[in-house]
Amino acid sequence: MSILLFAESQQGKLKKGSYELCSYGFALAQQQNTSLTIVTINCEETDQLAQYGASKLINLKAKVGYFEANTYASALVDIAKSEQSKIIVISSSADAKYMGGILAGKLQAGYVTNVVELPSTSEPLTVKHSVFSNKAFANTTLTGKIHIIGLANNVLEETTQSSSTTVEQQDTQVAIKCTQSSVEQIQGKATIADADVVVSGGRGLKGPENWGLIEDLADVLGAATACSKPVSDMGWRPHSEHVGQTGKPVATNLYIAVGISGAIQHIAGVNASKVKVVINTDPEAPFFKAADYGIVGDAFEVLPKLTEKLKARS
Amino acid sequence: MKILVCLSCVPDTTSKINFKDNDKFFDEQGVQFVINPNDEFGLTRAIWLKEKIGATVDVLHVGEASADPTLRKALAIGADKAIRIDTPATDAFVVADQISDFIQSNPYNLIIAGRESIDYNGSMVPGMIAANCDLAFVNNCVKLEIDGSSASCTREMDGGMEVLSADLPLIIGSQKGLVEETDLRIPNMRGIMQARQKPFEVVPAKESSPKTAISSFEKPAPKAAVKLVPADNIDQLIDLLQNEAKVL
Ligand SMILES: Cc1cc2nc3c(=O)[nH]c(=O)nc-3n(C[C@H](O)[C@H](O)[C@H](O)COP(=O)(O)OP(=O)(O)OC[C@H]3O[C@@H](n4cnc5c(N)ncnc54)[C@H](O)[C@@H]3O)c2cc1C
């Protein structure tokens, strides 16, 4: 009956969001008067999860070197069955959302993504989640027998417990449906998905040759770089940097938007970020209405100064 | 090759989102509905495949008759046949269940569904179909090549890309990248005329019960006004970010 939580790792290393997820899992288990079982797959840092109050910590060895969604979903189905879990908790990473639908189908479970809080009621279980691209929240009741909660990114503080859990190693079968033939992973740099800070540039930067300004600022802040849709459509930046309603979602601590007007579709995708700073020459730019801090000014003057001052500080 | 594109019909991206009846229901008044953008990228890729390697492209929607104009638009830009499973789309589970049931009696080589709809942002329908029908599945698909009975797909991950190969039948979660923005098609007069002659089937739904139910909606709390810092006082911005917002 314990709550089952999947903590993700990548190349053996725990993903940053896993700690937040485990904190949520423990709070949820307490609320539901049950225990927490944390599962990892091919993780080499399981001991780092020992402080999250789980009564069981299972590391599965799957003979597949990449995130194979069907294999991962099948492995979790087996554990969910043996633990008789009624509630399963996963993250909102691209991998988790890839696997989540498969998992829900296999378990015939109700599934809610982008959940922002602990359930407001337990019988039946009601969760609050963001809908309409961050323009609203819905309160949804899970009416099936098994429930999957997909926790949104960056919505709660991490908390650890004093007791510690020992790790069980188990083997699991592979159920490969897709074979990886090549992979390109950003190394040693923050990604839009897990960076604390994202620096994003729009059409106001005039051309790709000026992106050094964005990259320099991102470098001093250890930030990931992003861009508005037209910037990627024009080929100034790769599509993988396009953020917004039709691009990648951003839910970071600090989002700095430079030369971006703040169209509704852009804001929809980045509004889940905690603090937004806007730098724009036009005081009427709509983004100022959604921002916490702003500078009405020319990016070409403001950015070098900001970068320099931050450098001097560090 | 037979391709099925699953279409969701969503409020236009510029829509104001409002609720009615004590915030229990989405208020559709004044809202214009369009093909979900992620589905449209997939549909456009399907039509491209039809033109380049030969294929038939069917479009499928689970929902009520209000979506028919959207399905006709899909026919006008090149789809061959439209199918609507006639039942309210109560939740993702029901939608996936209906589509899975349809596919099981009408097999396709390739099934395309948007990685996420921009209304409820669930991101779960294609994965559920994959599980229900035991299909290979690639989500966040930004490149798709078909070679005989196998496919090579590029998936956008958090912080990277991977190339995956799988045998057909396959389902993908589509998004921008699969085609470019400039590849999207606008129906022309000829297409609209032709669409009138194309088959449009309304099929009854199977019995299926939802696993989730929305009880109410809320709007985010209103935001405090922006704090503006003069362009020549960068120190103040850094101070605010560090000591007030505590994000540096
Ligand atoms: C279906 C649909 C989906 C969409 N999805 C997305 C999405 O996911 N993401 C997205 O971003 N957009 C999306 N858009 C596009 C969106 O509507 C806007 O067109 C886009 O966000 C504008 O990009 P921008 O702010 O870079 O450019 P612009 O709107 O051209 O704004 C440029 C800004 O730069 C400022 N500026 C100019 N010079 C300077 C300078 N020297 N220093 C500082 N500021 C300067 C200007 O004042 C202006 O505000 C979508 C549109 C549609 C129709």
Side-chain angles (χ1 to χ4, degrees), chain A residues 66 69 93-95 97-98 100-102 104-106 109-114 126 131-133 135-144 177-186 191 193-194 233 239-240 245-246 253-254 264-265 275 288 290-297 302 305-306 309-310, chain B residues 13-14 17 37-38 92-93 96 118-132 136-140 142 152 156-166 176-177 180-181 210-220 223 226-229 231 234-235 237-238 240-241 245 247:
Chain A
Y66 55 97
S93 72
D95 283 355
K97 283 189 172 168
Y98 181 12
I102 307 177
K106 284 183 195 281
Y111 176 24
V112 182
T113 51
N114 306 317
T126 305
V131 290
F132 294 103
S133 310
K135 287 179 212 162
F137 297 102
N139 294 298
T140 291
T141 302
L142 288 139
T143 53
K177 289 238 183 245
C178 297
T179 313
Q180 188 187 66
S181 46
S182 69
V183 63
E184 267 175 60
Q185 191 79 40
I186 297 180
T191 67
D194 70 7
D233 286 342
H239 284 311
S240 54
Q245 193 166 26
T246 53
N253 286 338
L254 173 60
I264 192 166
Q265 302 94 350
V275 175
F288 284 115
D292 300 281
Y293 302 100
I295 290 185
V296 177
V302 174
K305 280 197 233 157
L306 180 58
K309 296 220 183 243
L310 286 168
Chain B
T13 53
T14 56
I17 303 301
N38 289 316
F93 187 87
I118 62 166
D119 48 4
Y120 294 100
N121 310 106
S123 322
M124 51 184 89
V125 168
M128 287 175 171
I129 299 170
N132 293 344
F137 169 42
V138 177
N139 205 14
N140 298 88
V142 292
S152 164
E156 193 176 85
M157 307 183 289
D158 289 336
M161 301 273 182
E162 66 177 349
V163 180
L164 295 168
S165 51
K176 192 180 95 165
E180 297 297 322
E181 186 78 23
K211 304 268 186 239
T212 59
I214 295 180
S215 49
S216 66
F217 291 97
E218 334 175 350
K219 293 270 195 78
K223 239 190 108 34
V226 59
K227 280 195 185 165
L228 289 180
V229 174
I234 307 278
D235 287 324
L237 178 69
I238 295 176
L240 286 167
L241 292 177
V247 286

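We name chains A, B, ... by the order of the sequence lines, and we start the count at 1 in each one.
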Based on non-hydrogen pairs under 4.5 Å, which of Val142(B), Leu240(B), Val229(B) is most in contact with chain A? Val229(B)
Nearest heavy-atom neighbours spanning Lys135(A) and Pro220(B): O-CD, 3.3 Å
Among the options Ala96(B), Ala245(B), Ser216(B), pick out the one with the most heavy-atom pairs lying under 4.5 Å from chain A. Ser216(B)
Heavy-atom closest pair, residues Thr246(A) and Lys176(B): O-CB, 4.5 Å
Rounding to 0.5 Å, atoms CD (Glu180(B)) and NE2 (His239(A)) come to a distance of 3.5 Å
Keeping the roles fixed (side chain from Asn121(B), backbone from Asn114(A)), state whether a donor-acceptor pair exists under 3.5 Å. no
Between Pro37(B) and chain A, which part of the residue has a heavy atom less than 4.5 Å away: side chain, backbone, both or neither? side chain
Specify which of Ala193(A), Gly144(A), Ser133(A) makes the most heavy-atom pairs with chain B at under 4.5 Å. Ser133(A)
Start with the C-alpha distance between Asp292(A) and Lys223(B), add both sets of side-chain angles, then the distance that settles side-chain contact (heavy atoms from CB on, under 4.5 Å), and finish with yes or no. CA-CA 8 Å; Asp292(A) 300 281; Lys223(B) 239 190 108 34; 2.7 Å; yes
Heavy-atom pairs under 4.5 Å with chain B, option from Tyr111(A), Phe137(A), Phe288(A), Tyr98(A) with the top count: Tyr98(A)
Any idea which heavy atoms bring Ser240(A) and Glu156(B) closest together, and the distance? CA-OE2, 3.5 Å
List the atom of Thr126(A), the atom of Ser215(B), and the distance in Å for their closest heavy-atom pair. CG2-OG, 4.2 Å
Check whether Val302(A) gets within reach of chain B through its side chain, its backbone, both or neither, counting any heavy atom under 4.5 Å. both
Partner chain B: residue of Val296(A), Leu254(A), Thr179(A) with the largest heavy-atom pair count (under 4.5 Å): Thr179(A)
Which answer fits Glu218(B), side chain, backbone, both or neither, if we ask what part of it has an atom under 4.5 Å from a heavy atom of chain A? both
Taking every heavy atom of Ile295(A) against every heavy atom of Ala231(B), the minimum-distance pair comes out as CG2-CA, 3.7 Å
Modelled atom types, side-chain donor and acceptor of Thr13(B) and Gln265(A), under 3.5 Å: yes
For Asp119(B), which atoms come within 4.5 Å of any heavy atom of chain A: side chain, backbone, both, or neither? both
Quick check for you: among Asp235(B), Thr212(B), Leu237(B), Ile238(B), which has the greatest number of heavy-atom pairs under 4.5 Å with chain A? Thr212(B)
Which bit of Ile118(B) comes within less than 4.5 Å of chain A, counting heavy atoms only: side chain, backbone, both or neither? both
In terms of heavy-atom pairs under 4.5 Å, which option from Asn253(A), Asp233(A), Thr191(A) contacts chain B the most? Asp233(A)
If we define contacts as heavy-atom pairs under 4.5 Å, which of Met157(B), Glu181(B), Lys219(B) has the most with chain A? Glu181(B)
Heaviest contributor of heavy-atom pairs below 4.5 Å to chain B, chosen from Ala138(A), Ser93(A), Gly297(A), is Ala138(A)
One option among Lys97(A), Lys106(A), Glu184(A) has the most heavy-atom pairs under 4.5 Å with chain B, and it is Glu184(A)
Indicate the ring-plane relationship of Phe132(A) and Phe217(B), choosing parallel, tilted or perpendicular according to the 30° and 60° boundaries. tilted
Measure Ile102(A) against the heavy atoms of chain B and call it side chain, backbone, both or neither at under 4.5 Å. both
Of all the heavy-atom pairs spanning Tyr293(A) and Val226(B), show the shortest one and how long it is. C-CG2, 3.6 Å
Given heavy-atom pairs under 4.5 angstrom as the criterion, report whether the side chain, backbone, both or neither of Ala69(A) touches chain B. neither
What part of Ile129(B) gets within 4.5 angstrom of chain A, counting heavy atoms only: side chain, backbone, both, or neither? neither
Side chain / backbone / both / neither for Phe93(B) at chain A, heavy atoms under 4.5 Å: side chain
Counting heavy-atom pairs under 4.5 Å to chain A, which of Asn140(B), Val138(B), Asn38(B) comes out on top? Val138(B)
side-chain contact (heavy atoms from CB on, under 4.5 Å), paired with Ile214(B), selected from Val131(A), Val112(A), Thr140(A), Asn139(A): Thr140(A)
Short side-chain to backbone donor-acceptor contact, Asp158(B) and Ala94(A), under 3.5 Å: yes
Please classify the contact between Pro210(B) and chain A as side chain, backbone, both or neither, with a heavy-atom cut-off of under 4.5 Å. backbone
